Amino acid sequence: MSAYELRDIEHVTIVGCGTAYYAGLLASYYLEQLVDDLTIDVVVASEFRYRSFHMPKRSVALIVSQSGETADTLACLREIKRRGVRTLGIVNAVGSTIAREVDGGIYVHAGPEISVASTKAFTSQVAAMTMFGVTLAQAKGTGLQKTAEFVDELSQLPNEIKKVIRTHQDEIKTIAKKYARYDHALFLGRDTLFPVAMEGALKLKEISYIQAEGYATGELKHGPLALIDDRFFELLLISEGWLFEKSISGLQEVKARGGHVIVVTNSSKQIDADVVIRLKTKLDTLAPIVLNVIQQLFAYYVAVARGNDVDQPRNLAKSVTVE
Ligand code: M6R
């Protein structure tokens, strides 16, 4: 898209299923931070395709898919195009149906993703959509300082992920073995860590078969607190930022009900939980992507400890080409 066309965009709709949807949700927080006067919605493709949706004028739709063949996402793409709205693909599989049918887009070039559980695709999708946000912000001339911060963090991201995997692998393996005996799990996060919590829960349930739910920490009192008992563990994501104290009060609510809490954080502040995984990362805004990698490792080692086939979980296919 030309700078002129980008300047014209006032609304973005992000469409995806499963992990692609959560990647879109995380990216939407970043797009909001990057671009002033932009409205964004993020939709689950299997629902959106049947809704009587209206998209504002000057919209663009980001169609997010690793395989580029997901039936529900493809159906949304066609519905959106039928309404005359411009579509951009955020796709990994080169030459796939979605890649061919969108008006334009970005290949995330994550390389072939073999395992049913989507891992590197999530990271690359978030990075690609964030780069789209940076380009949009530059075209519109908004948030110049914020844009520079994002560019700086994006360039550090690959090394930070490598470093975190190297540093934390053994620690995560040991912790995962201990928690593999639980039947249920609650993943909690605020702000950008809310979509990450939902993605963490999806990854764990998919390959370990532990029933896992992702929730916004602020929603605890609205229902999930009732779940806490000895068959449950809670994984709480806490970032160093402005919502730190609010996240800690969520932690205290869970602890007061006898929860078994793992905290994953990039903060060095005192945190009282059963296990605290402290990430040392230079990243700030993009730290949630790195925290997500920790969750992926955790899900992987829990599944291994339970003797599951991590690459090919039961009942699932890599590409969901039928409804
Ligand atoms: O190929 P897609 O990105 O369109 O696939 C979407 C979902 O089916 C996919 O992300 C699914 O949720 C993963 N198995 C999750 O790990």
Side-chain angles (χ1 to χ4, degrees), residues 13-28 42-49 61-80 87-102 105-129 132 185 187 195-214 235 289 291-304 308-323:
T13 295
I14 306 178
V15 185
C17 292
T19 288
Y21 168 72
Y22 294 136
L25 211 51
L26 175 56
S28 73
V42 189
V43 296
V44 174
S46 56
E47 281 296 312
F48 195 61
R49 63 180 291 187
L62 301 186
I63 312 295
V64 190
S65 177
Q66 187 285 131
S67 62
E69 302 293 348
T70 301
D72 287 320
T73 311
L74 180 59
C76 286
L77 162 62
R78 291 176 178 161
E79 278 302 313
I80 292 168
T87 55
L88 296 178
I90 308 293
V91 174
N92 190 34
V94 176
S96 56
T97 311
I98 292 176
R100 281 186 276 113
E101 292 196 18
V102 284
I106 307 167
Y107 278 124
V108 301
H109 290 302
E113 196 183 55
I114 308 300
S115 167
V116 167
S118 194
T119 48
K120 61 183 179 179
F122 174 91
T123 306
S124 315
Q125 286 160 350
V126 178
M129 284 183 270
F132 170 74
F187 283 63
V196 174
M198 289 195 286
E199 169 59 10
L202 174 62
K203 215 79 329 168
L204 185 71
K205 77 175 75 146
E206 195 175 16
I207 59 173
S208 75
Y209 317 143
I210 291 175
Q211 186 235 338
E213 305 299 334
L235 189 147
I289 304 178
L291 264 73
N292 186 56
V293 172
I294 292 288
Q295 295 187 139
Q296 292 171 347
L297 278 176
F298 178 73
Y300 171 81
Y301 282 120
V302 169
V304 169
N308 296 352
D309 181 339
V310 176
D311 287 329
Q312 183 51 71
R314 67 187 182 201
N315 309 336
L316 297 174
K318 178 66 183 159
S319 251
V320 186
T321 53
V322 289
E323 258 190 273

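Both backbone and side-chain heavy atoms feed into the values below; hydrogens, waters and symmetry mates do not. In each ligand, atom 1 is the first atom listed, and ligand 1 is the first ligand listed. These numbers were taken from a predicted model, which means no experiment stands behind them.
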- Item | Which segment of Lys203 sits under 4.0 Å of ligand 1 when only heavy atoms are counted | side chain
- Proximal ligand 1 atoms for Ala117, defined as those under 4.0 Å from one of its heavy atoms: 16 (O)
- Message: Can you confirm, on distance only, whether ligand 1 has an N/O atom lying under 3.5 Å from any N/O atom belonging to Gly68?
- Response: no
- Query: Which protein heavy atom lies closest to atom 14 (N) of ligand 1, and at what distance to 0.1 Å?
  - Reply: Glu206 OE2, 2.5 Å
- Taking atom 11 (C) of ligand 1 as the reference point, the nearest protein heavy atom with its distance: Thr19 N, 4.2 Å
- Polar-atom distance check: Thr73 versus ligand 1, any N or O pair below 3.5 Å? no
- Quick check: does Gln66 get an N/O under 3.5 Å from an N/O on ligand 1? yes
- Task: Compute the minimum heavy-atom distance from Ser319 to ligand 1 and say whether it is under 4.0 Å.
- Result: no
- What residue and atom, counting heavy atoms only, is the protein's closest point to atom 5 (O) of ligand 1, and at what distance? Thr70 OG1, 3.5 Å
- Looking just at side-chain N and O atoms, do Glu69 and Ser96 make a donor-acceptor pair shorter than 3.5 Å? no
- Message: Nearest 0.5 Å, please: how far is CD in Gln296 from CD1 in Ile207?
- Response: 9.0 Å
- Measure the distance from atom 7 (C) of ligand 1 to every protein heavy atom, then report the residue, atom name and distance (to 0.1 Å) of the closest one. Cys17 O, 3.5 Å
- Message: Could you identify the single nearest non-hydrogen protein atom to atom 8 (O) of ligand 1 and state the distance to 0.1 Å?
- Response: Val320 CG2, 4.0 Å
- Message: If we count only N and O atoms by modelled type, under 3.5 Å, do the side chains of Lys203 and Ser118 hold a donor and an acceptor together?
- Response: no
- Item | Part of Lys318 with heavy atoms under 4.0 Å of ligand 1, whether side chain, backbone, both or neither | neither
